[in-house]
Amino acid sequence: MSSSLVAYDDSDPEAETEKTEVPSTSSRQTSLPSSSVNPVQYFAPGSLRTKSTYEMQPTENTDNFGISIVCEDLAEHYAPNNNTDLTSPYCRRAYSSHTALSMPYKNYEQTSGSSRNSGNGTSQKRMHKDSPTTIKGIRPYIPKRLRQENSSTGGKKEYEQGESSNCHVKPDVSGKQTMRKISEIIKPYLGSKCKVTEIPKSLVFHMLKHSSPVNEIQWCPVREQSHMLLSASMDKTIKIWDAVDTGCCLKTFSCHSCAVRAAQWSSCGRRILSGGFDSMLHLTDVETGKQIFSSKNEFRISALKFHPTDSNIFVCGGFSPEVKSWDIRTCKVTRVYKAAVQQTLDILFLTEGKEFLTSTDAVSRDSADRTIIAWDFESAAKISNQIFHERYTCPSLALHPRESVFVAQTNGNYMALFSSQRPYRINKKKRYEGHKVEGFAVCCEFSPDGTLLVTGSSDGKVFFYNYHTARIIRTLSAHKEACVSAKFHPVLPSLLATCDWTGEIKVWQ
């Protein structure tokens, strides 16, 4: 049986401290039988004002291996007891086994978290951290439900990262006054109602700073700042132009790593929403270039539109059967509209934003079932997918500014007219044909007064149709390559901007 000893020591504190700092090997190494207890040194209360240290040294024992541990703790942790000797601040226990230990009973549990070294008399705390080992080349399995949750909350993380990062902005014209100014040409038309739109004839500006095809152009929706023109290009940039007074490029934004397929002004005219083939969504402040909203999407983006009544909500679609509705305030996907298609070509909100249309690439052999789909915005339910039954896809849609109708640009080299009221019937008596599409994403648009319908053409021309008679009024030879978009100015009655597949932008009056 091994015996336990309790020892007390009233020796000089200074002498004992010196012994602790320079331990004597001869005093600690003693030859004892296997059942004996190793001798242990103890300290007086005055010497207990240092941090806890642990000393381990093997004893010279032929049969067993003994370890002597000396612990020091602050004396104020132990309150004196009247029934015990003041010279013994605490009691110590000695254990006899294959390893003999001596330590305070109160700090017995603390030794499991300490690091003991073998010979230098010092100790270091061991910080234990769980570091999971990962094997290179092996990806852990993530359940589908967790992947969906991460994708819905991923927008917020991207938003937090994008808020601190800035989009690369290249100001071509110094100063912010050029963007905030009110053009002298626009001022006389601000207070007046929309006049009859005239067909432009002469070229005003020819802008050549894009190095790749321009996918979309749009005038600023704020009437006082409608001198600014937005352009999104395949050269990964977004540019803002002064297309009324000077024809100069005001700013260039390089937020995307791939081609920018779609871009839209916000209703306040201070932000630009863009999406591209890098699957990124960016909401950029026009003046500072900061990314207010940024998110990595699951698919390449080809179309996006702001909600007409709520500027904090937008809808985007692309190379996916899903169309998603985003809320900028929460940076999350609020609704998902699922359709059995491969790509969304264009999105069009109807009156008041309660319903919207999507044009897709779903074409069967004899009919284009699901080519145009009507959705209920709130419930994400399909209202109708039997709107257009011909075998052509529709790269763009346009809503009439005054009447309850919309047109669809088709790859059959004509534009079809539909009712914007349920059940969205096609007008078989009117067909706007004469231009060429031939696979290009050619956009079409109504004039502000609703009397004209303008569209580009794959041969570089711009066609002006009479809305009521569906006849061609005028043809403008605008570009040498395919003209993919033509936009009327919202204030000036006869100003038109066009862009083509080579990167050129022209303004006509």
Side-chain angles (χ1 to χ4, degrees), residues 302-305 315-323 336-377 379-401 403-446 450 453-458 463 465-472 484-485:
S302 60
L304 52 83
K305 289 290 170 55
V315 177
C316 71
F319 292 80
S320 171
E322 295 181 350
V323 176
V336 178
Y337 309 86
K338 297 182 179 180
V341 297
Q342 294 181 354
Q343 182 184 356
T344 301
L345 302 178
D346 197 11
I347 300 172
L348 177 67
F349 274 98
L350 299 180
T351 308
E352 297 179 358
K354 296 180 181 179
E355 301 171 1
F356 70 94
L357 305 172
T358 58
S359 62
T360 67
D361 64 344
V363 178
S364 61
R365 181 176 180 182
D366 298 326
S367 64
D369 184 24
R370 303 183 304 275
T371 301
I372 299 177
I373 304 175
W375 301 88
D376 182 81
F377 178 76
S379 63
K382 290 181 184 177
I383 300 175
S384 177
N385 61 355
Q386 303 290 330
I387 299 175
F388 187 56
H389 295 279
E390 299 187 22
R391 63 181 186 276
Y392 303 112
T393 57
C394 303
S396 66
L397 305 172
L399 184 67
H400 196 277
E403 299 183 12
S404 299
V405 294
F406 70 92
V407 293
Q409 180 79 270
T410 70
N411 276 306
N413 299 330
Y414 68 90
M415 290 181 287
L417 186 66
F418 299 85
S419 172
S420 60
Q421 303 292 331
R422 299 183 188 182
Y424 315 105
R425 292 177 180 174
I426 187 173
N427 190 338
K428 297 181 180 180
K429 297 180 180 179
K430 287 184 181 180
R431 176 176 286 191
Y432 306 88
E433 55 186 349
H435 60 283
K436 297 179 181 180
V437 179
E438 297 179 350
F440 289 94
V442 178
C443 297
C444 57
E445 189 193 42
F446 285 99
L453 179 61
V454 62
T455 179
S457 180
S458 61
F463 286 78
Y465 292 91
N466 187 305
Y467 161 67
H468 299 285
T469 63
R471 294 181 180 178
I472 299 176
V484 294
S485 184

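Everything numeric here is computed off the predicted structure, so don't read it as measured data.
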>> What verdict does the side chain to side chain contact (heavy atoms under 4.5 Å, CB included) test give for Val405 and Ser420, after you've listed the backbone C-alpha separation in whole Å, the side-chain angles of each residue and the deciding distance to 0.1 Å?
In response: CA-CA 5 Å; Val405 294; Ser420 60; 5.6 Å; no
> What is the distance from atom CG of Leu357 to atom CD1 of Ile372, rounded to the nearest 0.5 Å?
Replying inline: 7.0 Å
>> Run Thr393 and Thr360 through side chain to side chain contact (heavy atoms under 4.5 Å, CB included) and show every step you take.
In response: CA-CA 7 Å; Thr393 57; Thr360 67; over 6 Å; no
>> Could you go through Tyr465 and His435, starting from their C-alpha distance and side-chain angles, then the distance that decides it, and tell me whether this counts as side chain to side chain donor-acceptor pair (under 3.5 Å)?
In response: CA-CA 10 Å; Tyr465 292 91; His435 60 283; 2.9 Å; yes
>> With side chain to side chain contact (heavy atoms under 4.5 Å, CB included) as the criterion, how do Val442 and Thr455 come out once you've worked through the C-alpha distance, each side chain's angles and the decisive distance to 0.1 Å?
In response: CA-CA 7 Å; Val442 178; Thr455 179; 3.7 Å; yes
> Nearest heavy-atom pair of Cys443 and Ser396: which atoms, and what distance?
Replying inline: CA-OG, 3.5 Å
>> Holding to side-chain hydrogen bond (donor to acceptor under 3.5 Å, both in side chains), I want the full list of residues that pass it with Arg431, two or more places apart in sequence or in another chain.
In response: Glu390
> Does Ser457 have any side-chain hydrogen bond (donor to acceptor under 3.5 Å, both in side chains) partners at least two apart in sequence or in another chain, and if so, which?
Replying inline: Asp459
>> Under the criterion side chain to side chain contact (heavy atoms under 4.5 Å, CB included), I'd like the reasoning laid out for Leu397 against Phe356: C-alpha separation, chi angles, the key distance, then a yes or no.
In response: CA-CA 11 Å; Leu397 305 172; Phe356 70 94; over 6 Å; no
> Excluding sequence neighbours, so at least two apart, what forms side chain to side chain contact (heavy atoms under 4.5 Å, CB included) with Ala339?
Replying inline: Val341, Ile373, Trp375, Lys382
> With sequence neighbours excluded, what pairs up with Arg425 under the salt bridge (Lys or Arg N to Asp or Glu O under 4.0 Å) test?
Replying inline: none
>> Test of understanding: with salt bridge (Lys or Arg N to Asp or Glu O under 4.0 Å), list the residues that count as partners of Lys305, not counting sequence neighbours.
In response: Asp346
> With distance as the sole test, does Asp361 use its side chain to make a donor-acceptor pair with the main-chain N or O of Gln343 at under 3.5 Å?
Replying inline: yes
> How long is the span from the OH atom in Tyr432 to the CD1 atom in Ile472, to the nearest 0.5 Å?
Replying inline: 12.5 Å
>> Do Cys394 and Thr371 make a side-chain contact, defined as non-hydrogen atoms from C-beta onward lying under 4.5 Å apart?
In response: yes
>> Taking side-chain hydrogen bond (donor to acceptor under 3.5 Å, both in side chains) as the definition, give me every residue that meets it alongside Ser302, ordered by chain and number, with sequence neighbours left out.
In response: none
>> How close do Val437 and Gln409 get, counting heavy atoms only, and between which atoms?
In response: CG2-OE1, 3.7 Å
> What do you reckon, is CD of Glu438 surrounded by more than 12 foreign heavy atoms closer than 6.0 Å?
Replying inline: yes
> With sequence neighbours left out, what residues match Phe418 under ring pair (Phe, Tyr, Trp, His ring centres under 6.0 Å)?
Replying inline: Phe388, Phe406
> Who pairs with Thr344 by side chain to side chain contact (heavy atoms under 4.5 Å, CB included), at least two apart in sequence or on another chain?
Replying inline: Val323, Ile347, Thr358
>> My understanding is that only residues two or more places apart in sequence, or in another chain, count here; which of them pass ring pair (Phe, Tyr, Trp, His ring centres under 6.0 Å) with Tyr467?
In response: His400, Phe446
> So does Lys430 have more than 12 non-hydrogen atoms from other groups sitting under 6.0 Å from NZ?
Replying inline: yes
>> Just to verify, what does Asn413 make a side-chain hydrogen bond (donor to acceptor under 3.5 Å, both in side chains) with, not counting sequence neighbours?
In response: none
> Under the salt bridge (Lys or Arg N to Asp or Glu O under 4.0 Å) test, which residues partner Glu355, sequence neighbours left out?
Replying inline: Arg422
>> Among residues at least two apart in sequence or on other chains, which ones pass salt bridge (Lys or Arg N to Asp or Glu O under 4.0 Å) with Lys338?
In response: none
> Nearest heavy-atom pair of Glu445 and Ala398: which atoms, and what distance?
Replying inline: CA-CB, 4.2 Å
